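Single-structure report; data block below.
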Number of protein chains: 2
Amino acid sequence: MSSTLEKATAVQALKERFYDINALYSAGAIFDWDQQCFMPPAGAEARSHHTSILGRMVHEMLVADETARLIEGAAKEAAPGSEDEALVRVTRRQYDLATKVPASLVAEKLRLAAIGHEEWVVARKNDDFKSFAPTLEKMIEICRQEAEHLGYKGHIYDALLDQYEEGAVKTDAEKMFVTVRKPLVDLVADIKKNGRKIDNGFLEGDWPEAKQREFTEKIVRAIGFDFERGRQDTAPHPFCSGWSVNDIRLTTRFQSFLGSAIFGSLHEAGHGMYEQGSPAAWDRTPLAGGVSLGVHESQSRFWENIVGRSREFWTFFLPQLQAIFPSLGSVSLDEFHRAVNKVEPSLIRVEADEVTYNLHILIRFELECALLEGSLSVKDLPDAWNAKYTDYLGITPPSDAKGCLQDVHWSAGLVGYFPTYSMGNLLSYQFLASMTSEIGDQQPAWSAGEFGPTLKWLQEKIYSHGQRYQPPMLVERVTGKPMGAEDYLAGITAKYRAVYEI
Amino acid sequence: MSSTLEKATAVQALKERFYDINALYSAGAIFDWDQQCFMPPAGAEARSHHTSILGRMVHEMLVADETARLIEGAAKEAAPGSEDEALVRVTRRQYDLATKVPASLVAEKLRLAAIGHEEWVVARKNDDFKSFAPTLEKMIEICRQEAEHLGYKGHIYDALLDQYEEGAVKTDAEKMFVTVRKPLVDLVADIKKNGRKIDNGFLEGDWPEAKQREFTEKIVRAIGFDFERGRQDTAPHPFCSGWSVNDIRLTTRFQSFLGSAIFGSLHEAGHGMYEQGSPAAWDRTPLAGGVSLGVHESQSRFWENIVGRSREFWTFFLPQLQAIFPSLGSVSLDEFHRAVNKVEPSLIRVEADEVTYNLHILIRFELECALLEGSLSVKDLPDAWNAKYTDYLGITPPSDAKGCLQDVHWSAGLVGYFPTYSMGNLLSYQFLASMTSEIGDQQPAWSAGEFGPTLKWLQEKIYSHGQRYQPPMLVERVTGKPMGAEDYLAGITAKYRAVYEI
């Protein structure tokens, strides 16, 4: 709320409007968080009503003429290059995304997504793609219409991708995948040919939850997630949420595979530290928070993979893990480091290692483009999916349940979303290269449990800018070049050739 | 949300309006709950903004002309004696309470309450009533103005009391206190004269939190709180909240005095079972939930005192408590029963036993009336307070911190609230008498751990009616007479004469 002493400006009026929208949005967010973490089973029905009403209210406030009026008023006042101008840009984008698509199409998509989700759950369970195909076909058609309303200059895919990664277009994704495909396929083949078997079986066990929690809180705190301004709870699927730069909620899960809690926690903490890093003055405004899905994923993957799967990280933390779980006492640092970096082509994206992960994404991207263009029909999707898995990963799904039915995204109409995962992977290494060239190799510090300089650099270069700069501009500012694959390929090739002693 | 297939009636339109208001109100409630249970320390600032914006939105929707129009539309349609008519009554009351007092006065009260709370905290800490007196004086004046806007037929106090206990007036409270004062003062004197010392020292200890939780969850579940439709968490002060009849949240706290968690949990579970008892069809409508503070308190006190402090309850649960805390193994049932019913005049209301409790409330009621009428000025409050404690309880506060500064209520402008605590105490015994006469003495069943018939009777007679009947009408329907003190006095006198063998 504004103090009555503040100068009442057009920018301030715009902020007030978005403070209100933020309160409604945040209410939906805490309801969602609670539903994952604490809600008693019977609370689900009221919960769906509450979140749907709040979502409707957010939408109504966002698309109201008053919002447009306030944005244009602030636009006249904002100085070029100022924070205020960035606020106008971000709010205008939110307004445009919410208004360009007719309400009737939004409602139809929501309706179809609800049906689609139910059908997808059943279809996956019964390995019955045919029962889901008609709805998926309708969803693809709705995404096409959505893209036409959103508008694009080049390819229809651009409009969809831009929703998740502002400014990115299909050719960016293509360039990315064309660059990484062969080196990754070759690296996977080399690893396979090498024949080295890595044992990660010792990570399976009956690990008491309280002890797992003790360790994950320790590492999440050590890398710099601020528990004064956030917390970590347990949920069936790990996620990061929040409703203030000073109130960020992580979740993790505790399973028989010890890596699940460890790397899931580091991953979500990466998202969380990015969110905690926005300037306090931007709290509750649209300038706070991560700028895009790709940049967000670059931070979760940075802390999960580049830091958390490094030999140096475990130099420091393996003894502490062994103190908590004495049964791991005989595992050497080399054995542990190899185990958490085991590469194995597999069928399921969410279980994929760092090397094969982008091949899973590439397959989805190519299929999405083909479906949107009409060069692939929905009925032929399973065959196309399986052919690509055989081609890129060398394994063929034995069922659609473990094939093209594995991901929830398409049933919800999230088309254009997948490439942001790969962008995150590339950007994590690109940021690392810049960090190293600016402040030197940080790995020795990690060996000593010192993550402060790493976080400080990311904080200054990325987190503190919130949504002020569009993603491509942010990447240029931080790394001096557009997003590219070279740092990623160099980094990942060196790392895994070392792990596999190729 | 309404299905499009539902008949669009005026009543339905009114419900839709209140579903929206309920979503905003519920959002505020879950934010409050989270703040008490889970919020990280730094989240407080954003939290206060979020809840204040949501509160403003609730108020704006409630006082809008559209709300009045919908209420009057539904009023024309609702059949006499129907649920719909009750909905109109309840929504009209909410509208009236929100609109009768000018927004400027509401804002002034909120502003003063914020200041008053800060000052009260400091004043209590420093035992410095004088520093708080000027603000309290202003607050009393604001309450007077508020009462004038709300309107009343008899005494100015009626308008304030009615906010918390619909239909109750000052003369009801007076009649209640006049009836109970002498018998209670006499009973306290008899207990003192009797000279029997009850030992409850064995309830103090270093009780592990997890074991306390194990026991409180056991008893809360046993009496009938449904954990499929609610949960219990830890908070600094016990409370009951919720945002659906199927999602009710209890909190408790674990302290060195074992009784704190046990009786606090039973108390809040009593509130919670009342809330869980509304018909599912009324969920998220203003007909769901407890009808007044007094009736609500009757249920928390019923389960806490009448059930939870009964010899029969502990016949069943003492062995289970002893299994969890073997150090209590040598305590006999009689010793335990006496310990949890120890009567001792004390200075602090929230720590008072069942017998002296109403004397604490009586003192506050008499002082509130005198302050409002002007027969007592704020500066003379400490002396008047101390004189009444000496007179009714036989002890004189050594400081204002332990005297008239102990309660938060007045700093927040909650004047007219206190009598509902005593009404709850009276009603709990009045309901018990009706239950016993209708389905027989339930205490033998409690000895066997059977609370189902007790809950079923309360459910049918009270909980299932939500807010459908005004409190006086509900009491008449359930007990065949208006609220009175006779069942309470008979019950409490018999119980404590037995405990003290007078």
Side-chain angles (χ1 to χ4, degrees), chain A residues 1-2 16 18-35 37-57 60-61 107 210 225-233 242-250 276 280 283-285 288, chain B residues 1-2 4 16 18-35 37-57 60-61 210 225-233 242-250 276 280 283-285 288:
Chain A
M1 258 180 322
S2 72
E16 296 293 336
F18 275 84
Y19 283 143
D20 282 2
I21 293 173
N22 166 271
L24 294 168
Y25 183 83
S26 297
I30 193 172
F31 269 131
D32 281 337
W33 168 84
D34 176 81
Q35 179 154 15
C37 296
F38 294 111
M39 189 185 77
E45 194 189 333
R47 187 59 50 93
S48 77
H49 290 301
H50 283 144
T51 51
S52 123
I53 291 171
L54 290 164
R56 194 198 74 221
M57 289 177 175
E60 283 171 359
M61 277 201 80
F225 181 80
D226 184 351
F227 279 88
E228 284 290 303
R229 304 194 290 128
R231 47 181 290 130
Q232 185 187 47
D233 294 284
W243 28 88
S244 161
V245 303
N246 292 318
D247 196 350
I248 299 299
R249 307 291 173 101
L250 312 178
Q276 286 186 333
D283 195 22
R284 301 183 296 116
T285 77
Chain B
M1 256 181 323
S2 71
T4 49
E16 297 292 337
F18 275 84
Y19 283 144
D20 283 2
I21 293 173
N22 165 271
L24 294 168
Y25 183 82
S26 297
I30 194 172
F31 269 130
D32 281 337
W33 168 84
D34 175 81
Q35 179 154 15
C37 296
F38 294 111
M39 189 185 78
E45 194 190 333
R47 187 60 49 94
S48 77
H49 290 301
H50 283 143
T51 52
S52 124
I53 291 171
L54 290 164
R56 194 198 75 220
M57 289 177 175
E60 283 171 358
M61 277 201 80
F225 180 81
D226 184 352
F227 279 89
E228 284 290 302
R229 304 193 291 129
R231 50 181 289 128
Q232 185 187 47
D233 294 285
W243 27 88
S244 161
V245 304
N246 291 319
D247 196 349
I248 300 300
R249 307 291 172 101
L250 312 179
Q276 286 186 332
D283 196 22
R284 301 184 295 117
T285 78

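Lettering follows sequence order; numbering is per chain, from 1. Heavy atoms only: backbone and side chains are in, while hydrogens, waters and symmetry mates are out. This one's a predicted model, so the numbers in the text were calculated from it and none came from an experiment.
Residues A:Pro40 and B:Glu228 approach most closely at CB-O, 3.4 Å, considering heavy atoms.
Counted within 6.0 Å of CZ on A:Phe227, heavy atoms from surrounding residues, nucleotides or ligands total more than 12; the atom is thus considered enclosed. Within a 6.0 Å sphere centred on CD of A:Glu60, other residues, nucleotides and ligands contribute more than 12 heavy atoms.
Interface remark: A:Met39 contributes backbone and side-chain atoms alike to the contact with chain B (heavy atom separation under 4.5 Å). Within the 4.5 angstrom heavy-atom criterion, atoms from both the backbone and the side chain of A:Trp243 approach chain B.
Contact count versus chain A (heavy atoms, under 4.5 Å) is highest, among B:Pro41, B:Gly43, B:Gly230, for B:Pro41. With respect to chain B, the highest number of heavy-atom pairs below 4.5 Å among A:Gly242, A:Gly28, A:Ser26 belongs to A:Ser26. Ranking A:Asp226, A:Asp283, A:Asp20, A:Leu54 against chain B, the residue ahead of the rest is A:Asp20, based on heavy-atom pairs under 4.5 Å. Looking only at heavy-atom pairs under 4.5 Å with chain B, the residue among A:Leu24, A:Asn22, A:Ile248, A:Ile30 that has the most is A:Ile30.
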Would you check, one step at a time, whether the test side-chain contact (heavy atoms from CB on, under 4.5 Å) holds for B:Glu45 with A:Asn246? CA-CA 9 Å; B:Glu45 194 190 333; A:Asn246 292 318; 5.6 Å; no

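Residues A:Arg249 and B:Asp34 are paired through a salt bridge, judged by an N-O separation under 4.0 Å between the basic side chain and the carboxylate.
To the nearest 0.5 Å, atoms CZ (A:Phe38) and CG (B:Asp233) are separated by 6.5 Å. In this structure, OG on A:Ser244 lies 7.0 Å from NE2 on B:His50, to the nearest 0.5 angstrom.
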